[in-house]
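Structure first, then comments.
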Amino acid sequence: EVKLVESGGGSVQTGGALRLSCTQSGSTFGTFYMAWFRQRSGNLCELVALIRDDDTTYVSDAVKGRFTISRNDAKNTVFLGMNELKPEDTSIYYCVEGAGIRATETYCGGRDWGQGTQVTVSS
């Protein structure tokens, strides 16, 4: 089982920027898909960014042009650069790996998920 620990959250004003990081430890079994989800209504989370094993990326329409997902060469740390932040970006952001990336909308948490880091954007 892989352990994921997120950091970098905080409070910013509209238009500000943050960079989240996620440190991965434990066996990855050679799987290198990593993603960032954020909590929406109830306990539902939505996919905001994904990086694949070949390092190609996906970002949701809601954050396209503002958020960027990347990782280090060792593929044990993934980042989410967030620019031009808006109040609607306020959420708990979760790092998710491999088998936990099952859909673009899913229940938050569980195995293959980190504990999350809070991002608050004030107007």
Side-chain angles (χ1 to χ4, degrees):
E1 186 174 343
V2 177
K3 180 181 179 181
L4 304 171
V5 179
E6 302 97 331
S7 63
S11 298
V12 298
Q13 297 182 45
T14 298
L18 288 169
R19 190 175 79 154
L20 308 183
S21 63
C22 171
T23 299
Q24 181 180 21
S25 62
S27 179
T28 65
F29 301 99
T31 300
F32 303 113
Y33 281 69
M34 297 290 293
W36 289 94
F37 284 75
R38 65 186 182 187
Q39 189 175 26
R40 298 287 81 174
S41 299
N43 197 38
L44 292 176
C45 274
E46 67 179 16
L47 176 67
V48 297
L50 170 74
I51 187 164
R52 306 180 183 92
D53 57 358
D54 63 358
D55 287 332
T56 59
T57 61
Y58 160 87
V59 295
S60 70
D61 289 342
V63 304
K64 187 177 182 179
R66 301 187 297 117
F67 289 14
T68 302
I69 186 169
S70 62
R71 61 184 161 199
N72 63 355
D73 291 339
K75 298 187 177 182
N76 61 356
T77 303
V78 64
F79 306 97
L80 185 67
M82 303 184 294
N83 299 310
E84 304 174 48
L85 284 162
K86 305 174 181 179
E88 54 262 43
D89 296 319
T90 295
S91 186
I92 302 171
Y93 284 74
Y94 296 88
C95 179
V96 186
E97 70 86 27
I101 309 168
R102 301 182 62 83
T104 57
E105 213 170 57
T106 188
Y107 290 108
C108 304
R111 291 186 178 184
D112 308 308
W113 289 61
Q115 293 299 306
T117 185
Q118 178 70 47
V119 171
T120 302
V121 185
S122 63
S123 59

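Numbers for residues simply follow the sequence, beginning at 1.
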Evaluate the side chain to side chain contact (heavy atoms under 4.5 Å, CB included) criterion for residues Arg38 and Val63: first the C-alpha distance (whole Å), next the side-chain angles of each, then the deciding distance (0.1 Å), finally the verdict. CA-CA 11 Å; Arg38 65 186 182 187; Val63 304; 3.8 Å; yes

With a 4.5 Å cut-off on side-chain heavy-atom distances among I, L, V, M, F, W and Y, is there a chain of contacts connecting Leu85 to Phe79? no

Within the side chain of Thr90, is there an N or O that forms a donor-acceptor pair under 3.5 Å with the backbone of Val121? yes

Would a distance-only check, ignoring hydrogens and angles, find a side-chain to backbone donor-acceptor pair under 3.5 Å from Asp112 to Gly98? no

Rounded distance (nearest 0.5 Å) linking atom CZ of Arg19 with atom OG of Ser7: 9.5 Å

Within a 6.0 Å radius of atom CD on Gln118, are there more than 12 heavy atoms belonging to other residues, nucleotides or ligands? yes

State, to 0.1 Å, how close Thr56 and Asp54 come at their nearest heavy-atom pair, and which atoms those are. OG1-OD1, 2.7 Å

More than 12 heavy atoms of other groups within 6.0 Å of Arg52 CZ: yes

Step through it carefully: locate the ring centre of Trp36, locate the ring centre of Phe67, and say whether they are under 6.0 Å apart. no

Which distance, rounded to the nearest 0.5 Å, do you find between the CD of Glu97 and the CG of Asn76? 13.0 Å

Which heavy atom of Ala17 sits nearest to which heavy atom of Asn83, and what is that distance? CB-OD1, 3.5 Å

Is there a side-chain contact between Leu4 and Met34 (heavy atoms, below 4.5 Å)? yes

Measuring only between side-chain heavy atoms, which start at C-beta, is Arg66 closer than 4.5 Å to Val59? no

Cluster overlap Leu18 with Val78, hydrophobic side-chain contacts below 4.5 Å: yes

So does Tyr93 get a backbone contact from the side chain of Thr117, meaning a donor-acceptor N/O pair under 3.5 Å? no

Could you tell me if Ser123 and Thr14 have a donor-acceptor pair between their side chains, going purely by distance under 3.5 Å? no

Nearest-0.5 Å distance that lies between atom CG in Leu80 and atom OG1 in Thr68: 8.0 Å

Is there a side-chain contact between Met82 and Asp89 (heavy atoms, below 4.5 Å)? no

To check you understand the geometry: which heavy-atom pair defines the closest contact between Gly114 and Glu6, and what is its length? CA-OE2, 3.2 Å

Taking the basic N atoms (NZ, or NE/NH1/NH2) and the acidic carboxylate oxygens, is any pair closer than 4.0 Å for Asp53 and Lys75? no

Consider only side-chain heavy atoms of I, L, V, M, F, W and Y, link residues closer than 4.5 Å, and tell whether Ile92 and Phe37 are in one cluster. yes

How about OH on Tyr58, more than 12 heavy atoms from neighbouring residues, nucleotides or ligands closer than 6.0 Å, or not? yes

Has Arg40 got more than 12 heavy atoms of other residues, nucleotides or ligands less than 6.0 Å from its CZ? yes

Minimum heavy-atom separation for Ile101 and Ala35, please, with both atom names. CD1-CB, 3.6 Å

Is Val2 linked to Ile69 within one hydrophobic cluster, defined over Ile, Leu, Val, Met, Phe, Trp and Tyr using a side-chain heavy-atom separation of less than 4.5 Å? yes

Report the distance from atom SG of Cys45 to atom OH of Tyr107, rounding to the nearest 0.5 Å. 11.5 Å

Under 4.5 Å between side-chain heavy atoms, hopping through other hydrophobics if needed: is there a path connecting Ile51 to Tyr33? no

I need the Lys3 NZ to Cys22 SG distance, nearest 0.5 Å. 11.5 Å

